[in-house]
Structure formats: structure tokens, C-alpha cells
Amino acid sequence: MISVGQLERRIIVISVAFALALFALAALAVNIYHVGLPTCLTDVKPFQKGELITHSPTHYELHYVARMWRFEPEDVMIPAGSTVDIYVSTLDVTHGFILPGTNLNLMVVPGVVNYARIKFDQPRVYQLLCHEFCGTGHDRMAADLHVVDAATFAARQKAPVTAAPTSEGYRLLEAKDCLSCHTVDGKEGIGPTLKGIYGQRRKMADGSAVTVDDAYLRESIIKPSAKIVDGFDDLMPEPSVTDKEVHEIIEYLETLK
Ligand code: CUA
């Protein structure tokens, strides 16, 4: 008969062997079969980009794009009394799409465009949320939907639109998806904000201090793991960027006071 001690030992050995086998299979999948994070699975147009389309003053079509980890557009305003046809798709993994206060509740699945029609009768601020765990930034996935009275809506339509930064560097940060983790407005995200860092002296996780200059920024873009800012995790993947692109990004960061 096996004593309890022996039995336990066997269970531990089998569990460890099982865990190692799982790890080996995962490593095999990554290295040999190149199983990684999906990127851009959706080729259904026009859902590469979020937008609000006006069909009439009371009928709108709203395209949402979900991605790690935000919804686009992030802020939408429509007049009360409108019917809105909402279409949603994802540029990467599966997300959720729920609008508390309404019965809108959709899954956002790669390669699929989901649809719902909803009528907004009263002015109110709604917050769109992701309710499908989609990674480390899941809890930050939210977008505002402002349903406002007709007068507010009309006033907003006339207001000048504040232009997004148009520099090549900003465009690159957007295109390379850097802005999912780094903000340019001073708010800390999954990664440090990029605002006002140029020329600063910053503390690193290993206790050293670094002056944020061209060389440091270049290294941090090309080899993100080389130096980790204190308080943040080593999460950033190595982006595919050309030398010229790195230069453009650094030039833009220099202007971000
Ligand atoms: Cu997207 Cu959770």
C-alpha cells in the first residue's frame, strides 16, 4: 500500500511534469508556429475606423472600433430623440460592448461586424464599457456617449473643431499603437505619459537615474526592455520602426512640453 506521503509526492511530480509540458507546448507554439497576439483580423470595411455618420437630424449611424484598449470614437454627441444604428467591430482580440442604462449588449468579435439600433429619448451621459476580459488594459476600455438637447447639439456643431496634432511624429505614435499605453496629455497609462518628459531626469526601476534625451528615447523605442521607468512594468513589445520613424517620433516628443 502507498503511504499518504508517497501519494502526495507522486501527485506533486505529476503536476510539475504537467505544468512543464504545458509551458513547453506554449513555447513551441510561439517559436515554431508563431502563435502570437492577433493583429488586424478585421478586413470588413468600413470598420477600420470609428465614425459618426449623419443620415438626418434624427437618424445617425455610429461605427465603433474596439481595440486594446479603447473604443473609437471615444466621445460622441447626439441630440435627444435620435435613432442610432450602431455597428461595432474589433481590430484585435474579442471585446465586449455594453451601454449601461440601455439594453445594448454586444460581443465584439474579430472579423465580424455586430449591429444594434437604439433610440435615445432623453438627454443623458452614457458610458460605453467593455465587459469581456481582453487583457491588462481591459478596465480602462470606456467611451462617452453624450445625448444632449437640441440647442446644445446645435451650439456644438457650430463650435470650431479643435485640431488633433498633425505632426508626423504624432501620426506615427497613433499608427504604431503607442497611444494605447502612453498618453500625450500627462495622464499616466499602462506606460508613462510622453508629455513633458524630454530633458527630464527620471528614476528607473533599478534605482538608477536617466536624463531623457535623444539617445535614451531611441533606446526606449527600439529596445523597450533596456531601461524600465520606476513604477512601471516591462510590458512594451519591440515595435517595428525605421530609423527615420524613430527620429520623427523623438522630434515630436521634444515639442510635447
Ligand atoms: Cu476590451 Cu475588455
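Side chains are part of it too, since the values below use all heavy atoms of this structure and drop only hydrogens, waters and symmetry mates. In each ligand, atom 1 is the first atom listed, and ligand 1 is the first ligand listed. Because the structure is predicted, anything quoted here is derived from the model rather than measured. Positions are given from 1 along the sequence.
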At a cut-off of 2.8 Å, protein N/O/S around atom 1 (Cu) of ligand 1 gives His95 ND1, Cys130 SG, Cys134 SG, Met141 SD
Is there a side-chain contact (heavy atoms from CB on, under 4.5 Å) between Val241 and Leu172 once you walk through the steps? CA-CA 9 Å; Val241 277; Leu172 283 165; over 6 Å; no
So, does Asp149 use its side chain to make a donor-acceptor pair with the main chain of Ala151 at under 3.5 Å? yes
Is there a side-chain contact between Glu245 and Pro239 in this structure, where contact means two heavy atoms from C-beta onward sitting under 4.5 Å apart? no
Between Leu217 and Ile249, is there a side-chain heavy-atom distance shorter than 4.5 Å? no
* Asked: With respect to Tyr198, which candidate in Asp214, Thr211, Asp213 satisfies the side chain to side chain donor-acceptor pair (under 3.5 Å) definition?
  ->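 Running side chain to side chain donor-acceptor pair (under 3.5 Å) over Asp214, Thr211, Asp213 with Tyr198 returns exactly one hit, Asp214.
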**Request:** Name the orientation class of the two ring planes belonging to Tyr87 and Tyr115 (parallel below 30°, tilted from 30 to 60°, perpendicular beyond 60°).
**Result:** tilted
